[in-house]
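Note: hydrogens, waters and symmetry copies are ignored here, and every other heavy atom, side chains too, is used. Just so it is clear: chains get the letters A, B, ... in the order the sequence lines come, proteins before strands, and each one is counted from 1.
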Number of protein chains: 2
Amino acid sequence: MSNRYQSEVANGRPTMRHVAALAGVGIKTVSRVMNDEPGVSEATRRRVLGASQQLNYQLDMAAGSLRRTGRRTLSIGLVLPSVSNPFSGEIHRALEDALAARGIAVFAASLDDDPQREKALVAAFLGRRVDGLVLTPIAKSQAYVIPEHSRDLPMVFIDREPVGIEADAVVTDNAVGGAKAAAHLLARGHRKLAYLGDRTEIQTARERRRGFLEELGRAGVATSAVPVREGLHDEESARLAARELLASDDPPTAIFSSQNLITFGVMRALKELGANKRVALVGFDDFTLADMMEPGITVIAQHPERIGKLAAERLLARIDGDRTAPATYVVPSELIARGSGEIAPA
Amino acid sequence: MSNRYQSEVANGRPTMRHVAALAGVGIKTVSRVMNDEPGVSEATRRRVLGASQQLNYQLDMAAGSLRRTGRRTLSIGLVLPSVSNPFSGEIHRALEDALAARGIAVFAASLDDDPQREKALVAAFLGRRVDGLVLTPIAKSQAYVIPEHSRDLPMVFIDREPVGIEADAVVTDNAVGGAKAAAHLLARGHRKLAYLGDRTEIQTARERRRGFLEELGRAGVATSAVPVREGLHDEESARLAARELLASDDPPTAIFSSQNLITFGVMRALKELGANKRVALVGFDDFTLADMMEPGITVIAQHPERIGKLAAERLLARIDGDRTAPATYVVPSELIARGSGEIAPA
DNA sequence: GTTGTGCCTGACAACGATGTCATGGAACAT
DNA sequence: ATGTTCCATGACATCGTTGTCAGGCACAAC
């Protein structure tokens, strides 16, 4: 054998040595060809390419990034409430599209409202040496990532702003959205409004409530008299809360629900009581078939695709060395009128 | 300095050498502690743990897997139609849950019906040396992964069976589901049924149509006279096809739609024509709020969470060395009656 | 006192690639 | 003919870790 290296590819994957042996060149030359580096004659390049195809060779990124300057792995970590949540799915998709253009792959994982999991997932991604992180924070504080962040690990928070650390964030204008809902209902003449919301630990829920109530206050509605039902975490609890509210002595003529599942619960309660065409409803978050309901459901829509895209842009900028001060980017919400929010009080 | 190694952690991440230096031990001992290997005294273990926490050290999985026997990276690749598609999201979530227990992270990516992208994504994952792949095939043939598969890379196909390669697959009983829809409508007395379906290149769409038509044939309905509208790829085209069908001389009294978006289009057409309580409808795929429609929509539901779970189990079994012959696993669909499918012919 | 048996421990090579640098030859100038 | 420059190329160290193996120490047995 004239080959400098063992040429058998026993069973495992071929390595650069195998390709080099077959092409009759040194491994560094193979490396040059595989990475499109200059300084290889056309004839050699072709021989190497031929050998690599014949062996079905594929570059090992992990091994490469070990030595490469900057140590890029071309992968990032994405921590979402749940990958099965449509809102998260849209964000994920937008991120993927923006990053795929740069050859960056995405590790995605679900939090499930568990602060412990947040830390575990971050650790798991750090151990895989991702080039950056996009996180939906849920833990009380994100101070635990300060060491990594100060080591220049790019990091962008989405949906909620982080606590205990200064970092980029991309969020919806939740308070403004809540205020829009209030203004919209007030404009139809409603004075007896109610708020149904998620658990108060959730920052976005608090913001939506604040915006809603402040707008009512500005309009001269006594906010202390506005029924506020919180701590609702699923459709069923929202349905029950709505039923109770509507059965009271002085029921509201309009309801603002702070989130998808809560909106569903309210819709169900209204339908059960035959009040769906009588009581106004504005829900935060858009959803499929909202226009097919009877009446169509008026919503404050978020723009997950814009959030994802913006988060990707910020992350890439940081990866590319942007050292400007961290900032929070706000994506405006949008009121979509479909009928339920345009019902006037009796 | 009494340290054997340089102890400064300049700017980058600390490595085992830094921890070893601080703890006053060899790097191999640090490795033992970090990997919970036996053969380290309690006192040493504590010293190492202390040093690693002080430096905020984290094991580099990529570097480790380079040398580790078996070369496990504890990550897998998941190729889906789109991460923003709720059906895919459910599968993703079920997979994640099953794999997280083993510390396996998931790279997820979207195909977007692009056969080229399928190959590119697989290549991208292979380059990252994933321990396995879960794929929704879209390309005409999956023969291109044969080299990897025969090198023992675990691989499970979901939703559709692969072509040109023998590998595990987890699919819904599409034909049976189509037949169930037909039987359900026939039992209500319908004889004039119509089929609205997706593009015929899609295997699952063909299966659903086949099951539907075969069942009609068994019941003595002249299948050649059954209107079949195919190649529908979105809500709008389905809506138009349904309108056209319903406006014909001899309109169907029942419709079977082969997929989510098509069902939405049909629902819209029926509502526009005021026929939603007169014409029966059974749709393939369940969806949120189906029970809130007027009438509720009867569907043949798939079980994405079971598909995901089963795919994860098969993948883990292969990763653990299962060498039995590849098989196709079928997850049964389920008819959920909600009203639209129980409408009798006029 | 010698030998054996464990248990801890660390030196060293190796994993598959890339960065650095030296080398050899062709092409060109003198 | 000699010196200079440039290009293509490969030897070698190295990235951060794990596998192998040998050494050292304590303790028990002879």
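Whole-Å rounding puts the A:R71 CZ to D:dG16 C1' distance at 7 Å. For the pair A:R46 CZ and D:dA8 C1', the computed distance is 16 Å after rounding to whole Å. One atom, CD of A:Q58, and another, P of C:dG16, lie 15 Å apart when rounded to the nearest Å. Straight-line distance from the CZ atom of A:R129 to the P atom of D:dT17: 7 Å, rounded to whole Å. One interatomic measurement links the two molecules: CG of A:D60 to C1' of C:dC15, which rounds to 9 Å at whole-angstrom precision. Going from atom CD of B:E42 over to atom C1' of C:dC7 covers 15 Å, rounded to whole Å. Atoms CZ (A:R72) and C1' (C:dA17) sit 18 Å apart, rounded to a whole Å.
B:D322 and B:T324 share a donor-acceptor pair across their side chains, judged by distance under 3.5 Å alone.
Salt-bridge check for B:K140 with B:E201: failed, with every basic side-chain N at 4.0 Å or more from each acidic carboxylate O. Ion pairing between a basic and an acidic side chain is recognised when a charged N comes within 4.0 Å of a carboxylate O; B:D131 and B:R318 show no such pairing. A salt bridge links B:E313 with B:K309: the distance from a Lys NZ or Arg NE/NH1/NH2 to an Asp or Glu carboxylate oxygen falls below 4.0 Å.
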**OP:** List the steps and the verdict of side-chain contact (heavy atoms from CB on, under 4.5 Å) for B:I319 and B:R72.
**Re:** CA-CA 10 Å; B:I319 287 175; B:R72 295 280 162 77; 3.8 Å; yes

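Residues that satisfy the salt bridge (Lys or Arg N to Asp or Glu O under 4.0 Å) test with B:R67, not counting sequence neighbours, are absent from this structure.
OP1 and OP2 of D:dA8 both lie 4.0 Å or more from every side-chain N or O belonging to A:T44. OP1 and OP2 of C:dC8 both lie 4.0 Å or more from every side-chain N or O belonging to B:S41. Distances shown here put a side-chain N or O of A:R17 below 4.0 Å from the OP1 or OP2 atom of C:dC15.
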Subject >> Under 4.0 Å protein heavy-atom contact, by nucleotide of nucleotides 18-23 of chain C - B base, S sugar-phosphate only >> reply: BBB---

